[in-house]
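Written below as structure tokens is the structure these notes are about.
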Amino acid sequence: MSISSDVIKAKEAATTLAALNTDVKNNALRAMADALDKNRDAILSSNSMDVSDAETMESDGKLYNAMVKRLKIDDVKISGMIAGIDDVIGLPDPVGRTISTKELDDDLTLYQISCPIGMIGTIFESRPDVVPQIMSLCLKSGNAVIFKGGSEASRTNKTLFDILTKAAYSAGIPEGVFVLMERREDVNAILSMDQYIDLLIPRGSNSFVQYIKENTKIPVLGHASGICHIFIDESADIDMAVKVALDSKVQYPAVCNAVETLLVDSKIAPIFLPLMDKEYHNNNVEIRADKRAIRYMEHAKIAEESDWDTEYGDLVISIAVVDDMDEAITFINEHGSHHTDAIISNDKDRISRFIRYVDSADVFVNASTRFADGYRFGKGAEVGISTNKIHSRGPVGMEGLMIYKYVLIGNGQVVKDYVGKDARPFTHKDIDKELKL
């Protein structure tokens, strides 16, 4: 079958999925989690072959190190996949929830009801753990989903997809509602299927996401890059600032919520920067500093202008000294990607100003940028991180996969009674009433 026919079949199956009750969906999720646990060896075997090929490509200069790091799966990551599905099981069913109710007149009631978006397309590089994350969220929220992973993870993606779909379909999920694309040309094929696909969620490099956005009419939810900042305020606790700045860079440098630029207030720079220089050097972080910062950092090299607009995805950090917080805010809004930015400070007024003026999806206070994650936010998992300003922003859980419909229930009312000289008035009264389906 062609990818187009698979997509059309999945779109049809989505109607049935959207109407399933909570117990069926949760039972399917439980079956998926159990299947991952029982098939650890198969997953690790597939991943080992993918990683081996990827490392060869890296040595040949055809793949960058960050992608190889994102590709690797071990038992801990599989346990994390299972924990993510377990969390989704525990989340309330978002389908059919009454968002608001308004009485328009006696026996004429308007309900705003949550419902699935419908057909989701996900395109991602590396990161095979994306497959269970997105599949579990889409299943619980009643959305069909198409997956296209990078060729570097083809074996792992296929193994995970087969394990998860077999478990889900055996537990009552309509067959065909999940689709795996395995050919590069399939991506271009689906980009023109705006009649069937309601939302695309790309996860990958800046150039990759931009390509998707520029070549489709389908709405796109995502972020082009993760250029995250931390501002070290003059009032910051030094030990806290060092700990947070270190974790934000080295805990997992290959991901989009790792910090790429530190901005340090000039009043604290002489104390903070030598300590940070030592910590980064001890953790093999390459430091690129501006002329003011490099005076305090013996292991740094001078930064170039392009560094302030670069997502490294690696053990590299750029550092600049600023005169005050307003300069830091201007710098972040100009050079950042509106993903995640943090302040380390003990001054409540400056913290408040930073929160109000930094135009990012996630704004953190005295905490690592690495917390910008759907699982850590209690969403069970995430379908991606959005820097959009409409529909959904930040780590996107099930709420980003939902839309709503209006349901009007009357008793024979007609519009002509509400227009003209003797028009019947609307009451337009908000009421506390749920629609029972």
Side-chain angles (χ1 to χ4, degrees), residues 7-29 88-121 137-146 172-174 176-177 193-201 216-221 379-380 383 386 388-394 396-437:
V7 169
I8 293 170
K9 180 182 177 182
K11 181 71 169 181
E12 293 169 351
T15 304
T16 302
L17 177 63
L20 290 180
N21 66 45
T22 305
D23 288 342
V24 172
K25 292 188 287 188
N26 282 345
N27 288 339
L29 289 166
V88 173
I89 292 172
L91 294 174
D93 192 332
V95 181
R97 182 173 60 88
T98 301
I99 300 170
S100 66
T101 309
K102 188 179 290 287
E103 177 195 273
L104 305 189
D105 198 358
D106 294 340
D107 290 329
L108 186 62
T109 307
L110 180 67
Y111 298 89
Q112 186 184 20
I113 305 298
S114 63
C115 62
I117 288 176
M119 187 78 196
I120 310 295
L137 288 172
C138 285
L139 191 158
K140 187 72 176 266
S141 60
N143 289 282
V145 59
I146 315 160
I173 299 303
V177 77
M193 297 188 71
D194 51 290
Q195 180 181 353
Y196 299 98
I197 301 172
D198 300 295
L199 180 68
L200 283 177
I201 305 174
T216 187
K217 295 179 181 178
I218 302 169
V220 176
L221 181 71
K379 296 173 180 289
V383 295
S386 171
N388 293 4
K389 290 191 177 182
I390 56 173
H391 179 57
S392 192
R393 200 179 191 199
V396 180
M398 280 193 295
E399 80 288 343
L401 299 173
M402 304 303 295
I403 192 61
Y404 53 83
K405 64 177 71 172
Y406 287 103
V407 178
L408 182 64
I409 297 181
N411 188 27
Q413 288 90 344
V414 292
V415 169
K416 75 179 184 66
D417 293 337
Y418 295 85
V419 297
K421 181 180 178 181
D422 298 317
R424 183 178 177 87
F426 289 105
T427 58
H428 286 162
K429 181 169 64 176
D430 292 325
I431 58 176
D432 184 14
K433 184 179 181 181
E434 290 189 14
L435 178 62
K436 300 297 183 181
L437 299 175

Taking the side chain as C-beta and beyond, is there a heavy-atom pair between [X] and [Y] under 4.5 Å?
X	Y	value
P116	S141	no
D430	S100	no
L17	I173	yes
K102	T427	no

To the nearest 0.5 Å, what is the distance between CD1 on I120 and CD1 on I218? 10.5 Å
Would you give the length of the straight line joining atom OG1 of T109 to atom NZ of K429, rounded to the nearest 0.5 angstrom? 10.0 Å
Answer yes or no: is there a donor N or O on one side and an acceptor on the other, between the side chain of [X] and the main chain of [Y], under 3.5 Å?
X	Y	result
K217	D194	no
Q413	D106	yes
N143	M119	no

With sequence neighbours left out, what residues match [X] under side-chain contact (heavy atoms from CB on, under 4.5 Å)?
X	value
V414	K416, D417
A14	A144
T98	T101, Y111, I113, E434, L435

F426: which residues meet the ring pair (Phe, Tyr, Trp, His ring centres under 6.0 Å) condition with it, sequence neighbours left out? Y418, H428
Would you list the atom pairs, donor with acceptor, under 3.5 Å between side chains in residues 398-409 and any protein atom, with sequence neighbours excluded?
from : atom 1 : to   : atom 2 : distance (Å)
E399 : OE1    : K379 : NZ     : 3.3
E399 : OE2    : K379 : NZ     : 3.1
E399 : OE2    : G397 : N      : 3.2

Can you name the nearest heavy-atom pair linking [X] to [Y], along with the distance?
X	Y	answer
A13	G176	CB-C, 4.5 Å
S114	I99	N-CD1, 3.9 Å
L137	V88	CD2-CG2, 3.8 Å
A10	V177	CB-O, 4.0 Å

My understanding is that only one of I89, L139, N21 makes a side-chain contact (heavy atoms from CB on, under 4.5 Å) with N26; could you say which? I89
Applying salt bridge (charged side-chain N to carboxylate O under 4.0 Å, His left out), which residue pairs with at least one partner in residues 10-25 are found, sequence neighbours left out? K11-D198, K25-D93
